[in-house]
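Notes to accompany the following structure.
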Amino acid sequence: MTFVVEVDVPVPMRDGTALATNVWRPEGPGPFPVLLVRTPYGKDDAGTFGNPKLPDVFALVEAGYAVVAQDVRGTSRSPGTFVPNAHEGSDGVDTLEWLAAQSWCDGAVGMWGGSYMGFTQWQAAVRGAPALRAIAPVMSSADLYGAPWYSPGGALSQDAVLTWGTLSALRNLRRDLADGRGDPSDAGVLLEGLADPRLLHDPLPVAERDVMTRHLPWVGEVLGHPERDAFWQRVAAIDHCDGITVPALNVGGWYDVFIGETVRSYTRMRRHGGSAEARDGQRLLIGPWCHADGTDLGTFPDRSFGLEGSIKAADVTAAHLRFFDRWVRGRTDTPDDPHPVRIFVMGVDQWRDEADWPLPDTRYTDFFLAGGGRANTATGDGVLTRDGAPVDAVDTFLYDPRRPVPTVGGTVLAAVPGAYPGPADQAAVEKREDVLCFTTAVLERPVEVTGHVTLVLHVSSSAPDTDFTGKLVDVHPDGKAILVCEGVQRARYRRSLTEPEPLEPGTVYELAIGLSVTSNVFLPGHRIRLEVSSSNFPRYDRNTNTGGTIATDGEDDLVVAVNRVHHGPARPSRLVLPLIERPAAVHPTKGEVRA
Ligand code: BEZ
């Protein structure tokens with residue numbers, strides 16, 4: 001087909017700043033429905049993002065949409081200063097109003113794009129504009145505290161903050177240098193951190209990242225707001241979801257740093273969205289993917305989900321077109337997918353359509369921690385059992401922030417030394433004395449876990465504050481211990497993310513630790529394992545165990561904590577798994593699926 005391209009169209013904002021904008025539209029006067037993406041990563045690449053997580057721009061134009069890509073304020077060819085999220089609400093609304101006034105626009109606009117581009121969608125949606133009809137945030141969040149900057153348990157997502165902060169600081173530096181400002185040697189410091197993440201992550205205090213914060217002061221502000229205070233509430237679109245009247249297609253990956261918030265956006269909008277369309281039109285699509293590119297084929301070094309697990313196989317472009325045709329074009333003759341939820345079920349490695357999330361037939365089931373008090377390492381005596389622990393016991397480990405448990409795979413943004421995002425074998429960390437392992441007997445029948453995984457622990461510590469981490473692991477018959485999902489709870493935030501409370505050393509507390517969400521069938525011959533520790537670094541920042549301000553604690557402040565997990569009839573520490581029982585046809589037995 002022939003289409004028209006306009007480059008660097010200046011779109012005026014309310015303060016007079018004109019944001020650089022590209023337009024691709026079918027030839028002819030139109031008017032056309034419009035699909036808008038607002039990006040800090042360079043609008044000129046929008047036509048060739050080549051990112052299979054995002055829809056194919058040419059397919060969208062061919063389907064009759066005008067596609068509009070804009071550099072957000074202070075990035076690429078748009079003037080101003082880039083302050084993440086500071087202007088996305090008003091700039092988004094101004095752009096939507098400008099679009100609605102163009103002769104080639106039919107007055108209906110959808111927004112799309114991944115990650116930061118998703119933040120811009122939620123900010124525009126919460127402010128509202130008559131032209132906006134639907135949004136499609138891919139691997140994104142409407143609550144930036146929950147992801148990507150902190151986590152639901154209150155620990156800093158250090159990997160995401162410092163990796164993304166470095167990349168953004170580099171982009172800002174490039175602009176400064178082009179304008180004859182800035183110090184070229186800063187580039188070397190920033191690039192060294194990317195090349196060797198130990199240089200990026202290990203130095204303390206975390207808050208002293210001068211080069212990064214000089215170019216992106218917002219990173220300093222993130223580190224200065226460890227509680228979910230007004231700084232975060234201001235940009236948490238999800239806190240005001242009853243004011244959001246447009247439906248969203250939420251796309252996520254089980255191993256994406258945003259997955260918890262992707263799912264929460266769906267569940268909150270489905271129940272509390274500001275219109276029937278917003279509630280009924282919510283869609284959720286989740287594959288076995290992580291945030292970084294390179295794993296889009298559904299194949300990771302320790303685990304392959306097969307080509308069915310690839311993003312291409314999920315046909316994200318077709319999902320966008322179905323969704324936008326329904327809500328932006330208003331076509332009811334080709335209805336949007338009748339199933340609001342489509343998930344890739346790992347283990348059986350199959351796609352499945354579902355009626356809602358959490359799945360309506362979920363049975364939350366306790367798996368109790370048991371053993372004689374030597375659960376340290378995978379060869380210890382820790383047991384996970386549905387029957388309840390017969391005797392009371394205590395497992396003890398030393399958590400030394402100078403020697404944190406290294407992150408191996410999981411929901412990191414980018415590769416960290418010796419690891420990569422996704423379903424990695426945990427064998428190396430399960431040899432550590434500071435990792436407790438609780439494992440079921442070999443399964444005789446498939447056990448499907450789909451939904452929110454919660455760990456309830458009875459704990460005590462010698463420190464006034466410390467962390468407890470958990471990982472759900474699928475132990476394969478060959479012994480590979482593949483990470484399924486993970487989480488952390490910072491003890492001071494056990495009751496509230498806004499009003500921290502120190503621990504009384506030695507007192508036993510019950511903590512609920514969210515281990516996020518998953519969908520995984522543990523096959524016959526496999527075992528279900530829970531790992532408990534106090535660090536997962538640099539996925540999360542190290543708790544310094546002082547009870548003070550963690551980001552400003554230095555090397556000399558670090559304290560070793562003696563941490564204990566109590567279990568048994570008196571203190572029923574347990575993993576609460578969302579079990580799904582379906583006919584045998586959807587749960588093949590061992591041998592019918594790839595190992
Ligand atoms: C992203 O746009 O990919 C992104 C933004 C913020 C944090 C992490 C990732």
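The shown structure was predicted, so the numbers you read here are calculated from the model rather than taken from an experiment. Whatever order the structure lists them in is the order used to number ligands and atoms, beginning at 1.
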Starting from [atom], what is the nearest protein heavy atom, named by residue and atom, and what distance separates them?
atom	value
atom 2 (O) of ligand 1	Y41 OH, 2.3 Å
atom 5 (C) of ligand 1	W164 NE1, 3.1 Å
atom 1 (C) of ligand 1	S115 OG, 2.5 Å

Per-atom contacts, ligand 1 versus [X] - under 4.0 Å to a heavy atom:
X	answer
Y116	1 (C), 2 (O)
H291	1 (C), 3 (O), 9 (C)
W149	6 (C), 7 (C)

Near-ring test F324/W112, centroid separation under 6.0 angstrom: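 No, the ring of W112 stays outside the 6.0 Å limit from the ring of F324, centre to centre.
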P148 contact mode with ligand 1 (heavy-atom cut-off under 4.0 Å):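 Side chain only; the backbone of P148 stays clear of ligand 1.
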Under 3.5 Å: donor-acceptor pair, side chain of D425, backbone of I482: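 Such a contact is absent between D425 side chain and I482 backbone.
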Between T411 and E486: side-chain donor-acceptor atoms closer than 3.5 Å: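 Result is yes, a qualifying pair exists.
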Distance-only polar pair, side chains of Y145 and Q233, donor-acceptor under 3.5 Å: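 Y145 vs Q233: no donor-acceptor pair found between side chains.
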Verdict with supporting geometry, R303 and D349, salt bridge (charged side-chain N to carboxylate O under 4.0 Å, His left out): CA-CA 11 Å; R303 175 76 169 87; D349 298 353; 2.9 Å; yes
Basic-acidic side-chain contact under 4.0 Å: R73, D15: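 A salt bridge is present here (some side-chain N lies under 4.0 Å from a carboxylate O).
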